[in-house]
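Reviewing the structure listed below.
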Amino acid sequence: MNKLEQLYEGKAKKVFATDDPNLCIVSYKDDATAFNGQKKGTILGKGAINNRLTNYFMKLLEEKGIPTHFVEELNDTDAVVKKVQIVPLEVIIRNISAGSFAQRFGVEEGIVFEQPTIEFSYKCDELNDPLMNAYHAIALKLATPEEIDTIKKYAFAVNEALKEFWKSVGVTLVDFKLEFGRLPDGTIILADEISPDTARLWDSKTGEKLDKDRFRRDLGGVEDAYKEVLRRVLGQ
Ligand code: ADP
Ligand code: UDP
């Protein structure tokens, strides 16, 4: 499978066309951004770690019956995925209060919810990814009511599968962001990535942060945290 022209360069990944119109290659970068691109940096080795972690989780989720875009790992930083039309929603699931939830509602981080929450943000950098509810997304024709139902069902199923997995390796899954896309026939599948860039992961014993908050909040030890996550998941 060869990389043809670059279709898109985002903050953390590049997307390339391939000779198959239904497939593309995603290439994970070491670039890190936070606060909608205002803070920029590099996390050495991040691209390779996020590629391997995402591919691992996409396979695990497929086994649990959740359809994903994953096709094949090409090398350290690149994977072949099914090309989708991205639904422009960031789908955020939370098990524990943190980040923008704690700020918005004026509560401390670390409140364990009895049930997970779901929220949507409109994926639009110019508007700073504003929070929106399902009715807004439907009104703006970003997704149909049926698609929203499917997305919610898959997002909660992803949470159950990942929570259980992370627990087994001594990590608490606090929150995470998912993106979904449509195949040419309209089928909704899970796309994008699942990594310490897009999830909050706390060591179950010590509470130590093992995710991008180390970069966002200048906590130091960023590379080591990503390596530790890879070690917990893949034993290396
Ligand atoms: P951003 O666009 O937020 O800066 P990235 O750097 O991660 O994010 O760029 C990757 C882009 O590829 C994102 O816009 C994401 O929505 C998109 N994408 C992810 N998976 C697929 C896929 N299977 N097909 C097409 N586009 C995808
Ligand atoms: N997240 C993400 N991309 C975004 C916004 C959030 O991957 O553009 C992830 C983030 O890493 C965290 C979860 O979604 O795991 C919830 O993020 P939150 O709303 O608390 O926002 P933040 O604190 O990142 O501003």
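Values reported hereafter were calculated over all heavy atoms of this structure, with side chains retained and with hydrogens, waters and symmetry mates removed. Model, not experiment: these values are computed from the prediction.
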If you define the side chain from C-beta out and look only at heavy atoms, does anything of [X] sit under 4.5 Å from [Y]?
X: Ile25; Y: Val80; value: yes
X: Ile189; Y: Tyr154; value: no
X: Asp78; Y: Lys3; value: yes
X: Trp166; Y: Val169; value: yes
X: Thr54; Y: Tyr28; value: yes
X: Leu23; Y: Lys82; value: yes
X: Phe35; Y: Arg216; value: yes
X: Trp202; Y: Ile96; value: yes

Please find the pair of heavy atoms, one from [X] and one from [Y], that lie closest to each other, and give the distance.
X: Thr77; Y: Gly47; value: CG2-C, 4.2 Å
X: Arg94; Y: Phe113; value: O-CD1, 3.6 Å
X: Phe16; Y: Ser27; value: CE1-CB, 3.8 Å
X: Pro196; Y: Leu53; value: CD-CD1, 3.5 Å
X: Glu109; Y: Gly99; value: OE2-N, 2.7 Å
X: Leu201; Y: Val171; value: CB-CG1, 3.7 Å

Requested in this report: Decide salt bridge (Lys or Arg N to Asp or Glu O under 4.0 Å) for Asp175 and Arg200; before the verdict, give the C-alpha distance in whole Å, the side-chain angles of both, and the deciding distance to 0.1 Å.
Outcome: CA-CA 5 Å; Asp175 58 30; Arg200 287 196 169 89; 2.8 Å; yes
Donor-acceptor check, side chain of [X] to backbone of [Y], threshold 3.5 angstrom: yes or no?
X: Lys46; Y: Glu223; answer: no
X: Ser204; Y: Lys167; answer: no
X: Ser121; Y: Glu90; answer: no

Do [X] and [Y] belong together in a cluster built from hydrophobic side chains that touch within less than 4.5 Å?
X: Ile188; Y: Val81; value: no
X: Leu60; Y: Ile49; value: yes
X: Leu183; Y: Val91; value: no
X: Leu4; Y: Val26; value: no
X: Ile86; Y: Ile151; value: no

Qualifying residues under side-chain contact (heavy atoms from CB on, under 4.5 Å), relative to [X], sequence neighbours excluded:
X: Pro130; value: Tyr122, Leu127
X: Lys11; value: Thr33, Asp125
X: Phe156; value: Ile93, Pro116, Ile118
X: Leu219; value: Lys209, Arg214, Arg217

Quick one: [atom1] on [X] to [atom2] on [Y], what's the gap to the nearest 0.5 Å?
X: Lys29; Y: Thr42; atom1: NZ; atom2: OG1; answer: 10.0 Å
X: Tyr226; Y: Leu210; atom1: OH; atom2: CG; answer: 10.5 Å
X: Glu63; Y: Ile66; atom1: CD; atom2: CD1; answer: 11.0 Å
X: Phe215; Y: Lys40; atom1: CZ; atom2: NZ; answer: 10.0 Å
X: Phe176; Y: Lys163; atom1: CZ; atom2: NZ; answer: 9.0 Å
X: Ile43; Y: Asp224; atom1: CD1; atom2: CG; answer: 12.0 Å

Crowding at [atom1], [X] (>12 non-hydrogen neighbours, <6.0 Å):
X: Glu164; atom1: CD; value: no
X: Phe105; atom1: CZ; value: yes
X: Glu5; atom1: CD; value: yes

Query raised in the report: Mind checking whether Phe165 and Phe57 have parallel, tilted or perpendicular rings, split at 30° and 60°?
Result: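 Geometry flag for Phe57 against Phe165: perpendicular rings.
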Query raised in the report: Sequence neighbours excluded, which residues qualify as ring pair (Phe, Tyr, Trp, His ring centres under 6.0 Å) partners of Tyr8?
Result: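 By the ring pair (Phe, Tyr, Trp, His ring centres under 6.0 Å) rule, Tyr8 matches no residue at all.
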**Report entry** Partner residues of Phe70 under the ring pair (Phe, Tyr, Trp, His ring centres under 6.0 Å) criterion, sequence neighbours left out
**Finding:**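 Testing Phe70 for ring pair (Phe, Tyr, Trp, His ring centres under 6.0 Å), a comparison that skips the adjacent residues, returns none.
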Query raised in the report: Does the side-chain hydrogen bond (donor to acceptor under 3.5 Å, both in side chains) test come out yes or no for Asn159 and Asn95, once each step is laid out?
Result: CA-CA 9 Å; Asn159 186 43; Asn95 296 305; 2.9 Å; yes
Requested in this report: I would like to know whether Thr198 and Glu179 meet side-chain contact (heavy atoms from CB on, under 4.5 Å); could you show each step before the answer?
Outcome: CA-CA 10 Å; Thr198 61; Glu179 291 183 26; over 6 Å; no
Query raised in the report: Between the side chains of Ser195 and Asp197, is a donor N or O closer than 3.5 angstrom to an acceptor N or O?
Result: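 Absent: no donor and acceptor within the cut-off.
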Query - Stepwise side-chain contact (heavy atoms from CB on, under 4.5 Å) check, Leu142 with Met132 - result: CA-CA 11 Å; Leu142 305 181; Met132 71 168 27; 3.7 Å; yes
Report task. Would you check, one step at a time, whether the test side-chain contact (heavy atoms from CB on, under 4.5 Å) holds for Leu61 with Ile194? Result -> CA-CA 11 Å; Leu61 293 169; Ile194 299 176; 3.6 Å; yes
Requested in this report: Start with the C-alpha distance between Lys39 and Asp218, add both sets of side-chain angles, then the distance that settles salt bridge (Lys or Arg N to Asp or Glu O under 4.0 Å), and finish with yes or no.
Outcome: CA-CA 11 Å; Lys39 180 179 167 106; Asp218 294 321; 2.6 Å; yes
Under 4.0 Å between a side-chain nitrogen and a carboxylate oxygen: does that hold for [X] and [Y]?
X: Asp203; Y: Arg232; answer: yes
X: Arg182; Y: Glu147; answer: yes
X: Glu228; Y: Arg231; answer: yes

Requested in this report: May I have the step-by-step check of side-chain hydrogen bond (donor to acceptor under 3.5 Å, both in side chains) for Thr18 and Asp20, ending in yes or no?
Outcome: CA-CA 5 Å; Thr18 68; Asp20 183 334; 5.5 Å; no
Query - side-chain contact (heavy atoms from CB on, under 4.5 Å) between Asp192 and Lys177, intermediate numbers included - result: CA-CA 10 Å; Asp192 207 50; Lys177 184 264 302 181; 3.2 Å; yes
